[in-house]
Engineer: 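One structure, as structure tokens, below. Some questions next.
Positions are given from 1 along the sequence.
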Amino acid sequence: EVLLVESGGGLVQAGGSLTLSCKASGFTLSDYAIAWFRQFPGKEREGIACISTTHGATHYADSVNGRFTIFSDNAKSTVYLRMNSLKPEDKAVYYCAAEYSVGYYIVSLRSATYKNWGQGTQVTVSS
């Protein structure tokens, strides 16, 4: 069973940093593409960062490019999202998602690309 568990969310002041973790189990991380999404109340999930854990390629939404960094530690079966220079408008529930990618090159911020999702972790940024 593919299982993703996010952690690392919390309350931080504007300008601060947080690192979210997405612990994967039940599958080989390097066989999957991983992405981070966030969801504001009443809004659709927004893809913000993705990584091909096989190729190392990454892609970011404009809203976070230059502030957030996605990286993986395949030995720990964990993908991270380092968030710097946080803003109050970054407050959201953050989710990681995974999609099998052996034989494919998946670098996508579309939620429909991913079949496997974590439960989410709340990030709150105070002004």
Side-chain angles (χ1 to χ4, degrees):
E1 178 189 7
V2 172
L3 186 64
L4 301 167
V5 179
E6 301 96 334
S7 62
L11 173 64
V12 64
Q13 286 190 330
S17 299
L18 277 178
T19 299
L20 304 183
S21 300
C22 174
K23 174 68 174 177
S25 61
F27 64 98
T28 301
L29 187 62
S30 59
D31 289 343
Y32 281 69
I34 306 294
W36 283 96
F37 291 77
R38 64 185 180 186
Q39 189 168 24
F40 306 112
K43 301 289 187 181
E44 296 286 325
R45 288 183 187 179
E46 170 195 23
I48 56 173
C50 59
I51 184 168
S52 166
T53 56
T54 300
H55 304 95
T58 59
H59 182 59
Y60 298 91
D62 290 343
S63 57
V64 306
N65 196 24
R67 299 189 298 126
F68 292 10
T69 303
I70 186 172
F71 58 100
S72 66
D73 184 335
N74 290 355
K76 294 183 178 180
S77 294
T78 302
V79 175
Y80 303 92
L81 183 69
R82 176 66 177 177
M83 306 186 295
N84 295 328
S85 303
L86 282 161
K87 306 173 182 179
E89 52 264 41
D90 292 317
K91 174 184 176 181
V93 178
Y94 285 72
Y95 300 87
C96 64
E99 181 60 24
Y100 185 71
S101 61
V102 174
Y104 303 92
Y105 182 75
I106 298 178
V107 181
S108 170
L109 295 179
R110 296 178 64 246
S111 60
T113 299
Y114 301 89
K115 295 185 184 68
N116 306 286
W117 292 82
Q119 83 291 347
T121 185
Q122 175 71 51
V123 172
T124 302
V125 184
S126 63
S127 58

Engineer: What residue among T19, I34, I51 forms side chain to side chain contact (heavy atoms under 4.5 Å, CB included) with Y80?
Structural biologist: T19
Engineer: Return yes if some donor-acceptor pair links the side-chain N/O of S52 with the main-chain N/O of I106 below 3.5 Å, else return no.
Structural biologist: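 No, S52 side chain to I106 backbone: no donor-acceptor pair under 3.5 Å.
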Engineer: Looking at every heavy atom in both Y95 and Q119, which two are closest together, and how far apart are they?
Structural biologist: CE2-O, 3.5 Å
Engineer: Enter the distance from L86:CG to F68:CZ here, rounded to the nearest 0.5 Å.
Structural biologist: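 Here the rounded value is 5.0 Å.
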Engineer: Distance alone, cut at 3.5 Å: any donor-acceptor contact between the side chains of S108 and E99?
Structural biologist: no
Engineer: Less than 6.0 angstrom separating the ring centers of F37 and W117, yes or no?
Structural biologist: yes
Engineer: Look at the rings of F27 and Y32 and say which category their plane angle falls in: under 30° parallel, 30 to 60° tilted, over 60° perpendicular.
Structural biologist: tilted
Engineer: Do E6 side-chain atoms and T121 backbone N/O form a donor-acceptor pair below 3.5 Å?
Structural biologist: no
Engineer: Is there a side-chain contact between Y114 and C50 (heavy atoms, below 4.5 Å)?
Structural biologist: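 Yes, close enough: below the 4.5 Å cut-off.
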Engineer: A side-chain contact here means heavy atoms from C-beta on lying under 4.5 Å apart; do K115 and V2 qualify?
Structural biologist: no
Engineer: Has the side chain of S101 got a donor or acceptor atom that lies under 3.5 Å from a matching backbone atom of D31?
Structural biologist: yes
Engineer: Would you say S63 and E46 make side-chain contact, with heavy atoms under 4.5 Å?
Structural biologist: yes
Engineer: Are the side chain of K23 and the backbone N or O of L3 linked by a donor-acceptor pair below 3.5 Å?
Structural biologist: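 Not at all, since once roles are kept as given, no pair shorter than 3.5 Å links the two residues.
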Engineer: Under a 3.5 Å distance rule, please check whether Y60 uses its side chain to pair with a backbone N or O of I70 as donor and acceptor.
Structural biologist: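 Yes; judged by distance alone, with no hydrogens or angles, the pair exists.
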Engineer: Tell me if a side-chain donor or acceptor on Q39 pairs with a main-chain N or O of A92 at a distance below 3.5 Å.
Structural biologist: no
Engineer: Any side-chain heavy atom of L81 sitting closer than 4.5 Å to one from I48?
Structural biologist: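 SC-SC contact between L81 and I48 confirmed.
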